[in-house]
Each structure stands twice: as structure tokens, then as C-alpha cells.
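These notes are about the structure you will find just below.
Throughout, numbering of the chain's residues begins at 1 and tracks the sequence.
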Amino acid sequence: MSHPMPSPSPRRRSVLHGSLALPAALAVPALAGAAPALSRSGRPRAEWGVQAGDVTAHAGLVWVRSDRPARMIVETAATESFRNPTRWHGPVLGPDTDFTGTTRLRGLPAGEQIHYRVVLADPDDPRRTGEPVTGTFRTAPKGRKDGVRFLWSGDIAGQGWGINPDRGGFTVFEDMRRRNPDFFLCSGDTIYADGPILPSVTLPDGRVWRNVTTEEKSKVAETLKEFRGAFRYNLLDENVRRFNAQVPSIVQWDDHEVRNNWYPGQILDDARYTEKNVDVLAGRSLRAFSEYFPVSTLPAGDKDGRVYRVLRHGPLLDVFVLDMRSYRNANSPGRQPEEATGILGAEQLSWLKRELSRSRAVWKVIASDMPLGLVVPDGKVNFEAVAQGDPGAPLGRELQIAELLRHIKHRGITGTLWLTADVHYTSAQHYDPARAAFKDFAPFWEFVSGPLAAGGFQALKLDGTFGPEQRFVKAPNRANTSPAETPQYFGEVDIDGGSGELTVRLRQEGGEVLFSKVLQPGRVGQD
């Protein structure tokens, strides 16, 4: 494998140290929500760290936020000394994007460690620049010999469990950073816009959980300013900033970026909200999402942008990022005998079928923000995900998934597996037509991991329509257990460059492996 597990070399450590030389004021709650000033003395500063995202063999995005109007400049080099750097002139950062911005890097060498630094310059005087903020990432390999390692999880700062200074903050991000992955797939619920963070919470055993808090996180997010503050909250954590400086991301969204279990066209009956139209809230959240994450198909302010996309990571791996939130039908009992919209919408389903058919990668990861066979309720009679508890022939949203699974089988598409988060526990399900009511599909695996920094919840029931069998599950026995009571979870995927074998490991904070499964390339039906 090309990803050695000992601590990073001194050269790598020095790069990361530079990215964390942040002013102490960043972690002071009273200042955390302060808006940048349009006119300040001094030089621009990038107090919120850097991120890279949607990295491929020859391209990637770099993100930063300034404390005032500034021109974003990125320099890249093969070493941390930045000898003979390549310079990239990015946008002017201003209030229209909450002083955030991304710069697209093109023509990068494949399979190489890229060192980058972001410099912020006064737009009126380019000689006045701030201290550089540094980061690093690996581009996707051109050949398959180097292999691929990535992590996935989701669900961050949920159910009122925020950054706890007594526990060192979101320490699971440090556990993940030490795994030295090529990238991190964030499977949604990147924030909890509907979940206020209070200064303290008393646990069932009498202990007190303390939170770093901000003005925007004191209530549900409704305004653009509040959504921006919710996305900014996680960046107060040093572990997150250190992780972002080393590990590029592929980010998708789910419901809590807006509100629990939302769907297009929904009108809220919730006294916490003065804005009842979910479409208005979703538009504001998507704008803030596009400002705070480097997403290649969603440039800030682009009304035609979208979250769903495919990222090609060399000959071994394609990642198909789904959006099961923006195009779905209304949550319902899910018993419709005909359903064109489903959970993906017709256009996204056509895109997914087309791109899966075109893929020549050995492995095709379908990054789903919701599970397929787990029964996720929404109230007493409605359902939130695909499954609706009826183990018979496909109905409702299951019809669309059945169409997709049938397409995969009939086109002979091999190497698919589904990765998701959402349900706040970790599990592994094997789907087999021999156990299913719907039989026209090839067997496949689905792996669940999360939360990263949120409450734990009990395991859900399985729906037999697609024949799932749970091979592993670890979940608490009551709802909303705090991270102080139950572990947080992340998953790891290793693809060997020689054999093409794919190994999935379900891990908990601290790095312990709870379950592992090895899958062989080019085969279907493996158990």
C-alpha cells in the first residue's frame, strides 16, 4: 500500500503546523460569530484554515475565508519549501460570499503530493499580504499500482452535542487524520441548522457536557447569516482545521443542513420558525453550503449548480455522489404503485444510470446520503428514506431504486457498493435477490458509519424488499446518547493497487476496527 501508517514525517508535520498557527481569538465564543469588517487596519488573515475538495488526478479546489476583503492567491509546489512555486490568482473575497472563496487548480501532476499555501492580499494594495496558510493533498493516481485509501462518515454537531473543550473538541477528526487517507467522503448532515447548541447539557449520570457556543448557533437557522454561522461553527474546532489542511474532501448534504426530514415544497408547522417555506430555507442553506465547502459543481452564487456529481479517482475508483434531498417527492407512507419522482428525481436517476454505464473504474462507490433497506420513519405514518417497512414488491420510492438496481444488473456493471451515514450508528448489510421480494438485481453491500460528532440512536428495522441481511451492527440502546456515552464512528475503504481487492473497515473513535469485509474486483454476488 502507498499509505504508510506511522506518524507523518517531519516534513509533513511542519506543513500542518503552519496551517494551525491561528490566533487564539478564533476559539473565543464571544468572537466566533463576529462578521468581518469591510475596513480594518493591518493585513488580511485566514483564521479559519484551508480546505481542498473534489480532487482528481489533475485538478482540485482550494478554499479559504478572509477576515476582510482580500484577493485570494494560491501557490503550489512539489515540496513544502515552495521552491519554484506555481501561482494561481483566485477571486476577490467579499461580503457577497461571506468572505469565502475557492480557487480551481488545473494541470496538476497525477499521483503526487501537492503542497499549497494561500495568501490573502489587500485588493487595493497587492503588496499588503497576510501570513500564508498552508495545506497539502494527494492527487489521484494515473495508474492503479499505488492503491487508494479513503474514509467516510457524517453527522457533525448534532442533537446539541457541540465542541466540548473538556474533551478536546471533535477529537475523532484527529483519529481520521492519522489514518492518512487520500480523501474524506462526508456523507451529509455536515451541520445541524435545526439544532441549537446550548452552553451546557446535563447527562443522565449527572455529568455536565459543556459546549462552545456562538450567536448563530443559539437558535434554528433561518436567515442566510444564521446558515453561514452554522457552517462556520465546525471550523472553530482545531481538530477539524488540522484535518482539513491535510485531507481533501468530497462533501454531500442531507436534511439537517436545512431542517430535519425536509422535502421540497414542505410548509412547516414548527413554532421555532418564522419562515415556514422550506424551499426558502433550503435556498439559503445551499448558498451557504456552496460558500463553505469546495464543491466543483456548486460554485457560490451559481443558480444552476448541483450537489450530485461523479469524482474519478484514477482507474481503481469512481465516486458517485447522490443528492437524495433536493429532488425527492414528499415524505409519505410510501405505498404508491407508480412513482416517477422517487427520492432522486427523474433527471438525477437518468444521470446516475448513464454515468455508471460509462464508468471504467474497478470500483464504483455510490455515496448515498440515506440507507436503502433501513426503515427510517418520519412521524407515525410517513417514511423518510427509501424503505417503508413493507417487505413485498417495490412501492413508492423503492420503485426508483429497483429501476436502478435492474439497470446495474442488465448492463453488467460490476464493483458497486453503497456507503452512507444518516442513522447515527454503524452497520453492514448484504443485499441478495435470493432473500428479496424484488429479484431482478445483482447482490451488493451497503455500509453505514456515523455519527462523527452527534447523538447516537438505536438500530432500525430492515425492509425485506431488496433482501438485506445485517452482518454487523453497533448501536446504543436508547435515543440521543451523547458522545461522552457512546463512541463516534467512521468507515475506511482500502483498495489494493496490485490485486484490486477492496477492504471496508468500520472503525470507532480511537481507531479500533469493529468489522471488516474484503471484496474481490470484477465479481458480483460475493458474500
Side-chain angles (χ1 to χ4, degrees), residues 1-4 7-21 46 48-65 72-91 100-120 131-151 173 176-186 240-251 293-296 309 311-319 495 497:
M1 292 298 297
S2 64
H3 308 88
S7 298
S9 67
R11 185 171 67 181
R12 169 68 69 84
R13 280 200 298 270
S14 65
V15 170
L16 299 178
H17 177 76
S19 70
L20 295 172
W48 303 88
V50 290
Q51 301 178 59
D54 284 10
V55 171
T56 61
H58 300 292
L61 293 171
V62 169
W63 174 97
V64 76
R65 183 177 193 254
M72 179 182 181
I73 300 168
V74 181
E75 292 183 333
T76 62
T79 65
E80 64 184 7
S81 68
F82 287 93
R83 185 177 181 181
N84 300 320
T86 299
R87 174 167 284 203
W88 312 79
H89 291 273
T100 69
T102 59
T103 297
R104 187 182 297 272
L105 311 181
R106 302 180 188 273
L108 301 174
E112 296 292 337
Q113 194 75 38
I114 305 297
H115 297 266
Y116 69 91
R117 60 188 176 194
V118 178
V119 177
L120 298 177
E131 289 293 322
V133 183
T134 57
T136 187
F137 60 85
R138 281 188 294 274
T139 51
K142 186 176 181 180
R144 57 179 284 171
K145 62 181 180 63
D146 291 333
V148 178
R149 168 182 295 145
F150 70 93
L151 308 179
F173 280 87
M176 294 195 299
R177 185 190 69 84
R178 290 173 177 169
R179 299 301 304 162
N180 198 24
D182 289 298
F183 64 89
F184 171 59
L185 169 63
C186 191
V240 173
R241 298 194 306 271
R242 182 186 295 114
F243 180 80
N244 286 346
Q246 179 177 336
V247 182
S249 60
I250 298 175
V251 182
F293 291 114
V295 177
S296 57
R309 60 203 189 277
L311 278 304
R312 306 198 187 280
H313 203 84
L316 286 173
L317 175 65
D318 284 347
V319 180
I495 307 176

> For the residue pair F243 and F184, does the interplanar ring angle fall in the parallel (under 30°), tilted (30 to 60°) or perpendicular (over 60°) class?
Replying inline: perpendicular
> Any sub-3.5 Å donor-acceptor pair from D54's side-chain atoms to S296's backbone N or O?
Replying inline: yes
>> Working note: V74 + M72, criterion side-chain contact (heavy atoms from CB on, under 4.5 Å); need CA distance, chi angles, decisive distance, verdict.
In response: CA-CA 7 Å; V74 181; M72 179 182 181; 3.8 Å; yes
>> Main chain of V62, side chain of T103: is a donor-acceptor contact present, judged purely on distance under 3.5 Å?
In response: no
> So which heavy atom on G147 is nearest to which on P141, and how close?
Replying inline: O-CG, 4.3 Å
>> Looking at every non-hydrogen atom in both residues, tell me the closest pair between T134 and V50 and how far apart they are.
In response: O-CG2, 3.6 Å
> For G497 and L316, which heavy atoms make the closest approach, and how far apart are they?
Replying inline: CA-CD1, 4.1 Å
> Could you go step by step and tell me if N244 and W63 meet the side-chain contact (heavy atoms from CB on, under 4.5 Å) rule?
Replying inline: CA-CA 10 Å; N244 286 346; W63 174 97; over 6 Å; no
>> To the closest 0.5 Å, what do you measure between CH2 (W88) and CZ (R106)?
In response: 9.0 Å
> Given side chains that start at C-beta, do those of T102 and R104 come closer than 4.5 Å, heavy atoms only?
Replying inline: no
> Out of curiosity, T86 OG1 to E75 CD, how far, rounded to the nearest 0.5 Å?
Replying inline: 9.0 Å
>> In the structure I gave you, are the side-chain heavy atoms of P109 and I114 within less than 4.5 Å of one another anywhere?
In response: yes
> Is the side chain of H89 donor-acceptor paired with the backbone N or O of I73 at a distance under 3.5 Å, no angle test?
Replying inline: no
> Which heavy atom of R149 sits nearest a heavy atom of R179, and at what distance?
Replying inline: NH1-O, 3.1 Å
> For F82 and H115, which heavy atoms make the closest approach, and how far apart are they?
Replying inline: CE2-O, 3.6 Å
> Nearest 0.5 Å, what's the CG-OG1 distance between L105 and T76?
Replying inline: 6.5 Å
> In chain order, what residues pass the side chain to side chain donor-acceptor pair (under 3.5 Å) check against S249, with sequence neighbours excluded?
Replying inline: none
> What's the verdict on salt bridge (charged side-chain N to carboxylate O under 4.0 Å, His left out) for D318 and R312, showing C-alpha distance, side-chain angles and the deciding distance?
Replying inline: CA-CA 4 Å; D318 284 347; R312 306 198 187 280; 2.6 Å; yes
> Hey, what do you get for CG (D182) to CZ (R138), rounding to the nearest 0.5 Å?
Replying inline: 4.5 Å
> Between atom CG of L151 and atom CZ of F173, what is the distance when rounded to the nearest 0.5 Å?
Replying inline: 10.5 Å
>> Whether the side chain of T56 engages the backbone of H313 through a donor-acceptor N/O pair (distance < 3.5 Å, no angle test) should be reported.
In response: no
>> Which residue is it: Q113, Q246, R117? I am looking for the one with a side chain to side chain donor-acceptor pair (under 3.5 Å) to T136.
In response: Q113
> Minimum heavy-atom separation for R83 to A77, with atom names?
Replying inline: O-CB, 4.3 Å
>> Nearest 0.5 Å, please: how far is CD1 in I250 from CG in L311?
In response: 4.0 Å
>> The criterion is ring-ring contact (aromatic ring centres under 6.0 Å, His included); which residues satisfy it with F137, sequence neighbours excluded?
In response: Y116
>> Is there a side-chain contact between L120 and V64 in this structure, where contact means two heavy atoms from C-beta onward sitting under 4.5 Å apart?
In response: yes
